[in-house]
Amino acid sequence: DAGVIQSPRHEVTEMGQEVTLRCKPISGHDYLFWYRQTMMRGLELLIYFNNNVPIDDSGMPEDRFSAKMPNASFSTLKIQPSEPRDSAVYFCASTSQGNQPQHFGDGTRLSIL
Amino acid sequence: QKEVEQNSGPLSVPEGAIASLNCTYSDRGSQSFFWYRQYSGKSPELIMFIYSNGDKEDGRFTAQLNKASQYVSLLIRDSQPSDSATYLCAVNGAGTASKLTFGTGTRLQVTL
């Protein structure tokens, strides 16, 4: 079975540009999570969805960040405008039930110059 | 106080020895506990999960949970160089089964 698929794998862009990260969860998984990982702060939950509905976005750092899940097989995380401090690895994860293990995608390594 | 605490390491063990990784958490209502392995430059990979007090074994891995002490550990028997990685402990919050808090991870080095 295909795992969680993220794109792009790497993104390098200049400060002020819009960045869009994409995620396809495992088929049949009703929960989707967006995480950010940095050396300083570790792995942090940004937002998660249940049945395409955002449930908790308290981890979204500021209004520059937004996430959508238009259907069960696709989600986006957008940063506009991007800043150098947004540089990190962004992971998407999914699970079938809330208390079950989450399965992670390969991540997007984002560098904002 | 951090919600999920782990010793950052590195924890160095010789090949064939038992590696013991520890994690403490602050939320007494937590119900689900996970151990993930993360190789450098890769994504977290699930190793074990445990929901009840006691031990849970899977091959060379044993997860131990003590809710009274708010403590969860991972034992790796017969450690191999391929076990060298960072191990992340993750705990859900009371009332929010879906929302995991991750520790900062313990780096394990298995030496030849």
Side-chain angles (χ1 to χ4, degrees), chain A residues 2-7 9-10 21 23-26 29-60 69 88-111, chain B residues 1-10 21 23-25 27 29-52 56 58 61 63 65 67 72 74 85-107:
Chain A
V4 176
I5 299 172
Q6 291 188 246
S7 64
R9 292 294 308 277
H10 303 274
L21 310 181
C23 176
K24 175 180 170 59
I26 293 171
H29 282 191
D30 295 331
Y31 289 81
L32 183 141
F33 305 81
W34 282 102
Y35 290 90
R36 176 172 69 174
Q37 188 173 40
T38 62
M39 288 294 292
M40 290 296 296
R41 300 174 68 87
L43 194 60
E44 301 176 287
L45 177 66
L46 299 178
I47 184 171
Y48 79 92
F49 296 82
N50 179 212
N51 291 323
N52 313 336
V53 176
I55 303 300
D56 188 331
D57 65 356
S58 60
M60 296 286 261
M69 192 164 186
V89 181
Y90 290 80
F91 290 106
C92 178
S94 70
T95 186
S96 56
Q97 297 182 41
N99 65 343
Q100 294 297 304
Q102 297 177 18
H103 300 271
F104 283 75
D106 289 336
T108 295
R109 186 172 296 275
L110 178 64
S111 296
Chain B
Q1 180 185 2
K2 292 182 180 178
E3 295 180 35
V4 179
E5 294 205 41
Q6 296 181 255
N7 187 317
S8 62
L21 305 165
C23 172
T24 58
Y25 60 94
D27 190 338
S30 295
Q31 297 292 326
S32 305
F33 307 85
F34 306 88
W35 283 100
Y36 286 84
R37 177 177 65 197
Q38 187 173 27
Y39 292 113
S40 180
K42 301 296 186 181
S43 62
E45 172 192 10
L46 180 72
I47 297 296
M48 294 283 292
F49 60 94
I50 187 168
Y51 301 133
S52 303
K56 179 181 178 182
D58 184 1
F61 299 96
L65 175 61
K67 290 185 179 179
V72 57
L74 178 69
T86 296
Y87 289 80
L88 302 171
C89 171
V91 179
N92 80 318
T96 57
S98 313
K99 192 171 179 178
L100 293 182
T101 299
F102 282 80
T104 53
T106 298
R107 188 157 63 93

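Side chains are part of it too, since the values below use all heavy atoms of this structure and drop only hydrogens, waters and symmetry mates. Chain naming here is simple, since letters A, B, ... match the order of the sequence lines and numbering starts at 1 in each.
Contact of A:Gln37 with chain B is made through the side chain alone, with heavy-atom distances under 4.5 Å. Using a 4.5 Å cut-off between heavy atoms, A:Arg109 contacts chain B through its side chain alone, with no backbone atom that close. Using a 4.5 Å cut-off between heavy atoms, B:Glu45 makes no contact with chain A at all. For chain B, the nearby parts of A:Leu43 are the backbone and the side chain; heavy atoms of each come within less than 4.5 Å. Using a 4.5 Å cut-off between heavy atoms, A:Ser58 contacts chain B through its side chain alone, with no backbone atom that close.
Looking only at distances, a side-chain donor or acceptor of B:Asn92 sits under 3.5 Å from a matching main-chain atom of B:Gln31.
A cation-pi arrangement is present between B:Lys56 and B:Phe49, with the terminal nitrogen or guanidinium carbon under 6.0 Å from the aromatic centre and inside a 45° cone about the axis.
The most heavy-atom pairs under 4.5 Å with chain B, out of A:Pro101, A:Gly107, A:Gly42, A:Gly105, come from A:Pro101.
Considering only heavy atoms from C-beta on, A:Trp34 comes within 4.5 Å of A:Phe49 through its side chain.
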Assess whether side-chain contact (heavy atoms from CB on, under 4.5 Å) is satisfied between B:Cys89 and B:Phe34, documenting all intermediate values. CA-CA 6 Å; B:Cys89 171; B:Phe34 306 88; over 6 Å; no
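Of the inter-residue distances, the one linking B:Arg37 atom CZ with B:Met48 atom CE reads 12.5 Å to the nearest 0.5 angstrom.
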